[in-house]
Amino acid sequence: MNESEHKSLDFIRQRVSDDVANGKNEGRVHTRFPPEPNGYLHIGHAKSICLNFGLAEEFGGKCNLRFDDTNPEKEDTEFVDSIREDIRWLGFEWDAEFFASDYFEKLYQWALELIKRGKAYVCDQTVEEVREYRGGWDKPGKNSPQRDRTVEENLDLFSRMKNGEFKDGEKTLRAKIDMNSDNMNLRDPAMYRIRHATHHRTGDQWCIYPNYDWAHGQSDSIESITHSVCTLEFEQHRPLYDWYIGQLEVHHPQQIEFAKLVISNTMMSKRKLTELVVGGFVEGWDDPRMPTISGFRRRGFTPESIRSFANRVGITKHNSTTDIALMNLCIREHLNRIAPRVTGVLDPVKVVIENYPEGEFEMRVTGVNPEDENAGTREVPFGRELYIERSDFMEEAPKKFFRLTVGGEVRLRNAFFLKCNEVIKDEQGEIVELRCTYDPETSGGKAPDGRKVKGTIHWVSAAHAVDAEVRLYDVMFENEDPSDVPEGKDWKDLINPNALVVMQNAKVEPILADASAGDSFQFVRNGYFCVDSKDSQPGKLVFNRTVTLKDAWSKQQKKGGSPN
RNA sequence: UGCCCGAUGGUGUAAUGGCAACACAUCUGGUUUUGGUCCAGACAUUCUAGGUUCGAGUCCUAGUCGGGUAACCA
């Protein structure tokens, strides 16, 4: 190792690096990503996925996918399938796939072993009694009345638990540790509970199910995991993790905890995300407003952008909140390089060019992506009637407004200079048409007489434009911290009503009629959009706005407008 | 009311006892046929108080603040 080439590693990579250097685990690195299949993966899981799979890649090791399916009542194969899909979409492939339920028999045998060694006992207490006997932070616990049952009695009772002789909640198997420990997890934790429920994989084969602590470390051990990375809330479980593995005298993985991802204006709690889906507040787990991986995918985020984000947020032990702006940066950065530029007019208003011959059209040739020389060119039809963005015209405009005004001149992107002569409105005073003239001498966007124009606006030919529905997405919560709910309010009251705004009458350039589901584009001056993978049809296009472009103009406007 | 963990700019991270670095955000300016991109610049008494040291963001002590934790969930 060259000291001068010391790279900046996060504390986990540092630790793994040290372990490898010291020959721990024969220099092996083996991680695992262990989701419970009770919901869809979200961006927080992406951080964990990038960490675990990244560790394996960087240290020449392996990473398993393990479904932590020890709670039959909440888990389902739908979630198993979506988890596999999401991990692969992110660009990772696991070395081996397991289920905690693969180990139910082994875990059972191990439990028998602990019973025989007097380290576990069958307890008859109810949930309430257990809580009472556990004591508190300030007061010691009391032993369960059944704590000193004989080995024979425990063996008999436990096998009868397994055989279904008892009802749910009637008995548990508990580890005999220390009812006086400072760490509540060590006050005789439950190892097994009775659940007469059908498991998504083992069916009705079992009616006793191992608790997390009894299953997790041993599963890690069986798979020869070297570094068992998890989030901070499991920190005080580590002594129990270590105790079980120590008792069983099997391969001992090292648990390491890091801070989970928190993003501003975003709800990450799996329970609450489930509530949004079940309660119909969103269309489903893959609703583009959701912080799920499938939601981001449908919204138009790329795997590259999410991996880039995960790498930028860092791995530490302190709780922090990452600004949602960083996500936006990551996706803009990637899409700016790869997304073809097209024109989409979200809120169209008609322009009639009075001095352009009726019924005539011409093709304008234009680049596909200024960031990519190899992207080539495309042709766009131009004619007498166009659609432009309603917000690109103002009757009474402030001085800094560089767009179209009455009497003012702007450039039509990739075409001509345009001047507005007259505004036509309907009875409600709504602008329905702008009568304009163009300067044929400015083809190519420059005037022979050298006169300059401040603004350039986008347009589509009215005769060629394709209708589209465009869904504009924004942050799901207006509050930076949506878990901070004001008195008397429900967290769902904080949902941003403008998280989705649908533009029904958008007009897009004809080339987009052939776009396929999932394709991403930059709508020039508007943002990045993708073809919705569920609702878009050949005759009825639907686009999702992935993210806006940075917008200095609207930012300036929000500041209260310029004093000219 | 114990036990465990943490604290570096508005935000997220780096600095492995030796010049507080990078990115985001914000603001200024330049380039530009996208108010995009790109380029240049601005933006910190490292929670507090003591101590060790030639030298402390880093080590020690005490405090302050924040988080986690008492499921037959994971």
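Each chain gets a letter, A, B and so on, in the order its sequence line appears, and its residues count up from 1.
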Is the distance between the ring centroids of [Y] and [X] under 6.0 Å?
| X | Y | answer |
| --- | --- | --- |
| A:Phe11 | A:Phe258 | no |
| A:Phe382 | A:Phe416 | yes |
| A:Tyr121 | A:Phe158 | no |
| A:Phe521 | A:Phe529 | no |
| A:Tyr387 | A:Trp459 | no |

Would you tell me if any nitrogen or oxygen in the side chain of [X] comes within less than 4.0 Å of OP1 or OP2 on [N]?
| X | N | answer |
| --- | --- | --- |
| A:Thr316 | B:U13 | yes |
| A:Arg134 | B:C72 | yes |
| A:Thr126 | B:C72 | no |
| A:Arg195 | B:C73 | yes |
| A:Lys555 | B:U26 | yes |
| A:Arg403 | B:G35 | no |
| A:Arg193 | B:A74 | yes |
| A:Lys550 | B:U37 | yes |
| A:His318 | B:A7 | yes |

B:A74 pyrimidine/purine six-ring stacking with A:Tyr212, under 5.5 Å and 30°: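 Stacking between A:Tyr212 and B:A74: absent.
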Minimum side-chain heavy-atom gap A:Tyr438-A:Leu412 below 4.5 Å: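 No, every pair of side-chain atoms sits at 4.5 Å or beyond.
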Min side-chain heavy-atom separation A:Val262-A:Asn319 under 4.5 Å: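 SC-SC contact between A:Val262 and A:Asn319 ruled out.
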Which part of the nucleic acid, if any, lies within contact of [X], taking any heavy atom under 4.0 Å across all strands shown: a base, the sugar-phosphate backbone alone, or nothing?
| X | result |
| --- | --- |
| A:Arg312 | sugar-phosphate |
| A:Thr321 | sugar-phosphate |
| A:Asp138 | base |
| A:Val127 | base |
| A:Pro210 | sugar-phosphate |
| A:Pro370 | base |
| A:His237 | base |
| A:Glu36 | sugar-phosphate |
| A:Phe401 | base |
| A:Glu257 | nothing |
| A:Glu73 | nothing |
| A:Phe234 | base |
| A:Leu549 | base |

[atom1] atoms of [N] and [M], separation to the nearest Å:
| N | M | atom1 | value |
| --- | --- | --- | --- |
| B:A25 | B:G12 | C1' | 11 Å |
| B:A42 | B:C24 | P | 15 Å |
| B:G57 | B:C47 | C1' | 12 Å |
| B:G18 | B:U58 | P | 11 Å |
| B:C19 | B:U31 | P | 39 Å |
| B:U13 | B:A7 | P | 10 Å |
| B:U64 | B:U48 | P | 15 Å |
| B:C43 | B:A21 | P | 12 Å |

Measure from the side-chain heavy atoms of [X] and tell me the nearest of [options].
| X | options | result |
| --- | --- | --- |
| A:Val524 | B:U69, B:U34, B:C24 | B:U34 |
| A:Gln522 | B:C72, B:C5, B:U34 | B:U34 |
| A:Thr322 | B:A14, B:G12, B:A25 | B:G12 |
| A:Trp553 | B:G35, B:U69, B:G12 | B:G35 |
| A:Asn211 | B:C72, B:C4, B:U34 | B:C72 |
| A:Asn336 | B:G36, B:U69, B:C5 | B:G36 |
| A:Glu371 | B:G12, B:G68, B:G36 | B:G36 |
| A:Ser320 | B:U13, B:G35, B:A74 | B:U13 |

[X] [atom1] to [N] [atom2], straight-line distance once rounded to whole Å:
| X | N | atom1 | atom2 | value |
| --- | --- | --- | --- | --- |
| A:Phe258 | B:U13 | CZ | C1' | 15 Å |
| A:Glu132 | B:A70 | CD | P | 18 Å |
| A:Lys260 | B:G12 | NZ | P | 17 Å |
| A:Glu233 | B:C5 | CD | C1' | 12 Å |
| A:Arg238 | B:C4 | CZ | C1' | 9 Å |
| A:Asn183 | B:C4 | CG | P | 10 Å |
| A:His196 | B:C72 | NE2 | C1' | 13 Å |
| A:Arg413 | B:G35 | CZ | P | 8 Å |

Side-chain donor-acceptor pair present, A:Ser305, A:Ser308, cut-off under 3.5 Å: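 Distance-only check fails for A:Ser305 and A:Ser308.
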Flag for A:Glu389-A:Ser391: side-chain donor and acceptor within less than 3.5 Å: no
Mate of B:G10 where both pairing distances stay under 3.5 Å, Watson-Crick or G-U: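 The answer is B:C24, by the H-bond criterion.
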Pairing nucleotide - B:G50, Watson-Crick or G-U, each distance under 3.5 Å: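 Base-paired to B:C60.
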CA sep, side-chain torsions, deciding dist, call: A:Tyr212, A:His216, ring pair (Phe, Tyr, Trp, His ring centres under 6.0 Å): CA-CA 6 Å; A:Tyr212 167 84; A:His216 204 92; 4.8 Å; yes
Check: A:Arg341 side chain, B:U34 base, donor-acceptor under 3.5 Å: yes
Given RNA chain B, 5'-ward residue of the pair A:Phe11 and A:Gly136, judged by closest heavy atom: A:Phe11
Nearest-nucleotide 5' precedence on RNA chain B, A:Lys74 against A:Asp551: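 Its nearest nucleotide being more 5', the pick is A:Asp551.
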